[in-house]
Amino acid sequence: DRFDIMVGIISRCCKAASSAGAASQAPKPGRGHASPSPSFKSLRPMLESLLLEEEYGKLLEDEGIDFIQDLMHYDEASLMALGMKRGHAKRLLRAALPMASQPASQDALGPALIGLEICGDGSDHGTQAAPEEDSTIDHLVKNGFNVEQLLRFVSHYAGLGQIKSHTTTNDVVRNIVIPETSDNPRCYMKSEFMLRLGGGKVATRLVSHAWKSDFLSTVVNIILDATGWDLHQLKSPESGPPYLKEDGALDAERFLSDLKAEELEKTYWLCIFAVDEHHAICGDCWSCNRKPEWLQDPAKYLKETPCLLCNEEKYNPCPCGTRKWTSKDLHYEIDKFDGVVEKMEALVVSLDGHLSSIKRVWVVAEMAKAATRIPIYFRRSADLSLEASRLILAKGDLLKTVAECEATSNDDRQRILKEVKELEGGIEAYDEFVNCLLDIQLGSFWRMQCMHGFASRAINQLKGLTVDFSWRKLDLLSLPEDIDQIPKVITALTNVSLNFNGCERLSDISALA
């Protein structure tokens, strides 16, 4: 039912992974260490920053482990023997290793810990790098998650009734992500829940999605990408009940049981988990946050909902009152997404049957940024809608214009549109490019020779394509003749994958010749 045609495969160099250092394997010391040198650093601030102090502070103190240097005499097994959980022992040792050799004069470890990234993938990552912008991008990339963490997140909160079939991503941010990180403002990958699952991972694929779409739609698309499955396999597996029910509910526990280890370990990046929403959006009112009263006492107005000035309910209410970073702040994250895209191996565009995501300005911006640098994979969590199908067959525009794309923050929208207008051909060329990219992915190739300006160069530089004909399973008899334009127009192309799943009436593929 499905076959992939790989054209002109070019082998890629794999990035060499280097692991730095290892925890000491020395025998466990007895109680009562010698008096520490003045350069020894207290362990408590590190435990507090990792949210482990309450659970293990007294345990380690009773053992006589008061300083980070003391900890270097222990390995994972000996800490577990004391009563620590394996994941907590690993995380503590990874945090302590780079700190043990640093001077203790850094304000009780505060500044040193700011730059320390704790990753659950087994890699040893150093402290902040210069320049500051690159450091922020690297910090964001390390706030990825793996498929297992995502499924455990869904299973847990679905069990609590907080994630249902039509819970939107914005609902997840408002009702889970922000409340669970408001006590000590941070991104969700540093929440207690995610730290118990190993914390942040180095992401390899960025998922471009819409906050207004159902959260489970995005989850399904990540699973489709990680497994290489299609919707038919989710809804009608070879054995057992469907993974994906008709109402959109997801059997997360069965996925956890059935997926291969390498599929569960694949890493992804979602802004809702990676970005510190407290320094970005929580408690904000975009209608009032520039008024004099607000600017005079922002914490007062951030904490209250409804908004004290316009009396409107807030998108993401929160009592923390955290000051919002702006583009002038070194740690500002919202304008770093382009840099995150460049660090990825691929971009995954999460679509529903109505292709709702392409109406969001962030999604089309990420598509354009990625297209000439890394592969783009469109994953669709539902059958293509009748309206979208008709538009493609009628050679209509799936994206009317980027100028009308939506964004929660008008500042973000205006910044992205400004960048688009500065491209050769401006908004018109940008619209051509995005529509052509969408068309190609859905098996329509007529636009490829109609590009100009930025669009022509961008299409020419595409590295890989995945073309999905499965939505035409009932009427596709032969491949469109203009498919032969692919190698003529896209000269940088290295591979093409064609999906004909369910196209039982297809009998003529001579256009491929």
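Here the CG atom belonging to Leu351 is positioned 8.5 Å from the OG atom belonging to Ser213, to the nearest 0.5 angstrom. The distance from the OG atom of Ser217 to the CZ atom of Arg379 is 13.5 Å, given to the nearest 0.5 Å. Rounded to the nearest 0.5 angstrom, Leu302 CG and Asp297 CG are separated by 9.0 Å. Within the model, atoms OG of Ser135 and NZ of Lys336 stand 10.5 Å from one another, a figure rounded to the nearest 0.5 Å. Atom SG of Cys307 is separated from atom CD of Glu312 by 8.5 Å, given to the nearest 0.5 angstrom. Rounding to the nearest 0.5 Å places CD1 of Ile334 at 6.5 Å from CH2 of Trp362.
By the 6.0 Å contact criterion, NZ on Lys400 is open, its count of non-hydrogen atoms from other residues, nucleotides or ligands being 12 or less. Within 6.0 Å of OH on Tyr332 lie more than 12 heavy atoms contributed by other residues, nucleotides or ligands. Counting non-hydrogen atoms of other residues, nucleotides and ligands closer than 6.0 Å to NE2 of His156 gives a total above 12. Around the CD atom of Gln162, the shell of radius 6.0 Å holds more than 12 heavy atoms that belong to other residues, nucleotides or ligands.
A donor-acceptor contact closer than 3.5 angstrom links the side chains of Asp352 and Ser356. Between the side chains of Thr204 and Thr267, at least one donor N or O lies within less than 3.5 Å of an accepting N or O. A donor and an acceptor atom, one from each side chain of Glu432 and His452, are located under 3.5 Å apart.
Of the candidates Lys291, Glu293, Gln296, Tyr301 forms a side-chain contact (heavy atoms from CB on, under 4.5 Å) with just one, namely Glu293. Applying side-chain contact (heavy atoms from CB on, under 4.5 Å) to Phe378 and the options Asp468, Leu438, Leu347 leaves one that passes, Leu438.
Remark: the backbone N or O of Leu270 is not paired with any side-chain donor or acceptor of His209 at under 3.5 angstrom. Between the Thr136 side chain and the Leu330 main chain, a donor and an acceptor come within less than 3.5 Å of each other. The backbone N or O of Ile490 lies less than 3.5 Å from no partner atom in the side chain of Asn460, so there is not a single donor-acceptor pair. A donor-acceptor pair is defined here as one N or O able to donate and one able to accept, closer than 3.5 Å; such a pair exists between the side chain of Lys324 and the backbone of Cys282. With Tyr430 contributing its side chain and Val364 its backbone, the two residues share a donor-acceptor pair below 3.5 Å. For Ser389 (side chain) and Ser385 (main-chain N/O), a donor-acceptor pair under 3.5 Å exists by modelled atom type. With hydrogens and angles ignored, the 3.5 Å screen pairs no side-chain donor or acceptor of Trp286 with any backbone N or O of Asp411. Looking only at distances, a side-chain donor or acceptor of Asn146 sits under 3.5 Å from a matching main-chain atom of Gln149. A donor-acceptor pair under 3.5 Å is formed between the side chain of Trp471 and the backbone N or O of Leu442. For Arg186 (side chain) and Asn184 (main-chain N/O), a donor-acceptor pair under 3.5 Å exists by modelled atom type.
Contact annotation: the side chain of Leu92 approaches that of Leu60 to within less than 4.5 Å [non-hydrogen atoms, C-beta and beyond]. Side-chain contact between Ile223 and Leu150: absent, with no pair of heavy atoms (C-beta onward) separated by less than 4.5 Å. The closest side-chain heavy-atom distance from Leu384 to Leu355 is below 4.5 Å. Looking at heavy atoms from C-beta onward, Trp211 lies in side-chain contact with Cys271 at the 4.5 angstrom threshold. Between Val348 and Leu206 there is no side-chain heavy-atom pair separated by less than 4.5 Å.
The pair Lys300-Glu304 does not meet the salt-bridge criterion, since no charged nitrogen lies less than 4.0 angstrom from a carboxylate oxygen. Between Glu265 and Lys201, none of the side-chain N atoms (NZ, or NE/NH1/NH2) sits under 4.0 Å from a carboxylate O, so this pair counts as no salt bridge. The existence of a salt bridge linking Asp397 and Arg447 is confirmed by a sub-4.0 Å separation between a basic side-chain nitrogen and an acidic carboxylate oxygen. A salt bridge links Arg174 with Asp171: at least one charged nitrogen is closer than 4.0 Å to a carboxylate oxygen. Under a 4.0 Å N-O distance rule, the pair Lys395/Asp439 does not qualify as a salt bridge.
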Inset, instruction - Give the intermediate values and the outcome of ring-ring contact (aromatic ring centres under 6.0 Å, His included) for residues Phe153 and Phe145. - result: CA-CA 11 Å; Phe153 175 83; Phe145 59 91; 9.1 Å; no
Inset, instruction - Test ring-ring contact (aromatic ring centres under 6.0 Å, His included) on Phe215 and Tyr157 and set out the steps. - result: CA-CA 12 Å; Phe215 178 69; Tyr157 288 101; 9.8 Å; no
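Of all non-hydrogen atoms in Trp294 and Cys288, the two that sit nearest each other are CB-O, 3.5 Å.
Legend: residues meeting side-chain hydrogen bond (donor to acceptor under 3.5 Å, both in side chains) with Thr227, ordered by chain and number and at least two apart, are absent. Listed by chain and number, the residues in a side chain to side chain contact (heavy atoms under 4.5 Å, CB included) with Glu262 are Lys260 (sequence neighbours excluded).
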